[in-house]
Amino acid sequence: MQTLKDITIGSSAVIVKLHGQGAVKRRIMDMGLTKGTEVYVRKVAPLGDPLELTVRGYALSLRKADAAMIEVEETT
């Protein structure tokens, strides 16, 4: 299982499954991170957290703890 936090900078991935429960899962989905969505990893902050992603045409910063709950399949 590969998660979003494992994707290298400059690569794209498609979301396969969201792990987590309740409010955390709902918050992730409200940010546009749903099954089948393509995500591009733009950069990582100097200390490794957070990640900067491009999702549905906008930039999104996501903590690594949240990225670890998102199962993906790398496309590039």
Novice: Please report the shortest heavy-atom distance between Thr8 and Glu74, naming the atom on each side.
Specialist: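 In this case the closest contact between Thr8 and Glu74 is OG1-OE2, 4.0 Å.
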Novice: Please assess Val16 against Gln2 for the test side chain to side chain contact (heavy atoms under 4.5 Å, CB included), listing each intermediate value before the final yes or no.
Specialist: CA-CA 10 Å; Val16 176; Gln2 188 174 26; over 6 Å; no
Novice: Counting distance only, does the side-chain N/O of Ser12 pair as donor-acceptor with the main-chain N or O of Thr75 below 3.5 Å?
Specialist: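 Checking the backbone N and O of Thr75 against the side chain of Ser12, no donor-acceptor pair under 3.5 Å is found.
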Novice: Could you report the tightest heavy-atom contact between Arg56 and Thr34, atom names first, then the distance?
Specialist: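 Arg56 and Thr34 have their closest heavy atoms at NH2-OG1, 2.7 Å.
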Novice: Taking all non-hydrogen atoms of both residues into account, name the closest pair between Leu18 and Leu33 and its distance.
Specialist: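 Leu18 and Leu33 have their closest heavy atoms at CD1-O, 3.3 Å.
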Novice: Show the nearest heavy-atom pair for residues Arg42 and Ile9, with the distance to one decimal.
Specialist: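 Taking Arg42 first and Ile9 second, the nearest heavy atoms are O-CG2, 3.4 Å.
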Novice: Extract all donor-acceptor atom pairs below 3.5 Å that involve side chains of residues 59-72 and protein atoms in other chains or at least two apart in sequence.
Specialist:
from  : atom 1 : to    : atom 2 : distance (Å)
Arg63 : NE     : Asp66 : OD2    : 3.4
Arg63 : NH2    : Asp66 : OD2    : 3.2
Lys64 : NZ     : Gly48 : O      : 3.4
Asp66 : OD1    : Arg27 : NH2    : 3.4
Asp66 : OD2    : Arg27 : NH1    : 3.3
Asp66 : OD2    : Arg27 : NH2    : 3.1
Glu71 : OE1    : His19 : NE2    : 2.9

Novice: What residues, two or more places apart in sequence or in another chain, satisfy salt bridge (Lys or Arg N to Asp or Glu O under 4.0 Å) together with Arg26?
Specialist: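 Asp30.
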Novice: Would you indicate whether the side-chain heavy atoms of Ile7 and Val39 approach each other to under 4.5 Å?
Specialist: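 Val39 vs Ile7: side chains apart.
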Novice: Are Leu4 and Met29 grouped together when hydrophobic residues (ILVMFWY) are joined by side-chain heavy atoms under 4.5 angstrom apart?
Specialist: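 Result: yes, single cluster for both.
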Novice: Is Val24 reachable from Leu51 through a run of hydrophobic residues whose side-chain heavy atoms are each under 4.5 Å from the next?
Specialist: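 Hydrophobic grouping puts Leu51 with Val24.
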